[in-house]
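Note sheet for the following structure.
If you're wondering where the values come from, they're calculated on a predicted model, not measured in any experiment.
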Amino acid sequence: AKRQRQRDKDKKDLKKWSESFNVSPDIVAISRLRDGLIFEVNKAYLKTLGYMRSEVIGKSIGQLNIWADPKHRDEFVHVLETVGHCEEWETILQTKTGQQIPVLLSAGILGFDGEKAIITHAHSIARRKKMEKRLLDSERRFRETQQLAKLGTWEYNLETEKIIWSDETFRIIGLSQEIGEPTLEGFLSTVHPDDAPELLSRINQAQTDGKPYNLEIRHKDPEGGYKRIVATGKPHFENGRVISLFGSVMDITDFRQSN
């Protein structure tokens, strides 16, 4: 009788939980901890993964191949058994048709029908992953375009004196990225002695008067010769004052030699 009362209570709790998480846009499921037997799922679970309710309830997660990597579920269960909860666990779920969906899982352990069960919320991050891929692709294309054009970019923060160079700027100037960007004085020391004063003067004017500059300079390469570089700089204003400079360096050595 006591066990029956507990089962009746579990059924009421299950109904209460299902009513509450049915309105969630995230994938939600209650499953048995030891073998992944599914007790309840919400509407978003069925819609996102492409199942009918009758195809899911009473089946195990392993039978449905919902986890793209079953070993990842074993790790997930181990964390739950050890800690009792899990937050923002990144993994990949599979729909009925095999489509893969990257998600963040949050889960906790609860008692149900005399056994340990897991209530799991899975939030799709497919859109975020697409955006991340687009950003990475855009950054790759940007680097390749700079390399083809022999055009590097840079930024100089006047308040922190921090200098940021693009990959191509390092290549053109002939410095290792592992060493990092030099100081302004360090960079000027690599410019031809006859060109460095004019470049410094233009940089100072950009800082104090907000004047952009564009001039050709000679820059010492690692072999001891000099490259022909077009150096540009433009001030960035905030509340009427210059807070940073940004610009470019273009290697025109081949063009000058051919002419």
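- In this structure, Arg32 and Lys116 have side chains that are not in contact, with every pair of non-hydrogen atoms separated by 4.5 Å or more.
- In the displayed structure, Arg140 atom CZ is contacted under 6.0 Å by more than 12 heavy atoms of other residues, nucleotides or ligands.
- Crowding of His78 atom NE2: a count of heavy atoms from other residues, nucleotides or ligands under 6.0 Å not exceeding 12.
- Using a 4.5 Å cut-off on side-chain heavy atoms (C-beta onward), Leu33 and Val77 make contact.
- When side chains are defined from C-beta on, Tyr156 counts as touching Glu161, because their heavy atoms get closer than 4.5 Å.
- When atom types are taken as modelled, the side chain of Thr95 and the backbone of Gly50 share no donor-acceptor pair closer than 3.5 angstrom.
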Could you please spell out the steps behind the salt bridge (Lys or Arg N to Asp or Glu O under 4.0 Å) verdict for Arg53 and Glu40? CA-CA 9 Å; Arg53 181 178 172 81; Glu40 187 59 85; 2.6 Å; yes

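- Within a 6.0 Å radius of NZ in Lys59, more than 12 heavy atoms belonging to other residues, nucleotides or ligands are found.
- Residues Ser60 and Asp35 have side chains not in contact (no heavy-atom distance under 4.5 Å, counting atoms from C-beta outward).
- Formation of a donor-acceptor pair under 3.5 Å by the Thr232 side chain with backbone atoms of Ser248 is found in this model.
- For the pairing with His219, the side chain to side chain donor-acceptor pair (under 3.5 Å) check across Asp251, Thr190, Thr253, Asp195 returns one residue only, Thr190.
- Judged by distance alone, with hydrogens and angles left aside, the side-chain atoms of Glu155 form no donor-acceptor pair with the main-chain N or O of Ser244 at under 3.5 Å.
- Between the side chain of Asn214 and the backbone N or O of Val230 there is no donor-acceptor pair closer than 3.5 Å.
- Using a 4.5 Å heavy-atom cutoff, the side chains of Ile92 and Asp69 are not in contact.
- With a 4.5 Å cut-off on side-chain heavy atoms, Gln177 and Asp167 count as touching.
- Ion pair Glu168/Arg171 flagged as a salt bridge, since at least one NZ, NE, NH1 or NH2 atom sits closer than 4.0 Å to an Asp/Glu carboxylate oxygen.
- In summary, Lys71 and Glu75 do not engage in a salt bridge, as defined by a charged side-chain N under 4.0 Å from a carboxylate O.
- Between the side chain of Gln205 and the backbone N or O of Lys211 there is no donor-acceptor pair closer than 3.5 Å.
- Atom CD of Glu87 sits in a sparse spot, with 12 or fewer heavy atoms from other residues, nucleotides or ligands closer than 6.0 Å.
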Report the C-alpha separation of Tyr51 and Val41 in whole Å, then their side-chain angles, then the decisive distance to 0.1 Å, and conclude whether the side chain to side chain contact (heavy atoms under 4.5 Å, CB included) test is met. CA-CA 11 Å; Tyr51 287 97; Val41 297; over 6 Å; no

Between Lys227 and Asp221, is the salt bridge (Lys or Arg N to Asp or Glu O under 4.0 Å) condition met? List the steps. CA-CA 6 Å; Lys227 292 181 178 180; Asp221 61 32; over 6 Å; no

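- Within the model, atoms CZ of Arg73 and CG of Leu80 stand 9.0 Å from one another, a figure rounded to the nearest 0.5 Å.
- Counting heavy atoms from C-beta outward, Asn204 and Gln207 have side chains that approach closer than 4.5 Å.
- For the pair Arg241/Ile243, a side-chain contact is recorded, criterion being any heavy-atom separation below 4.5 Å from C-beta on.
- In this structure, the separation between CE on Met250 and CZ on Phe255 is 11.0 Å, given to the nearest 0.5 Å.
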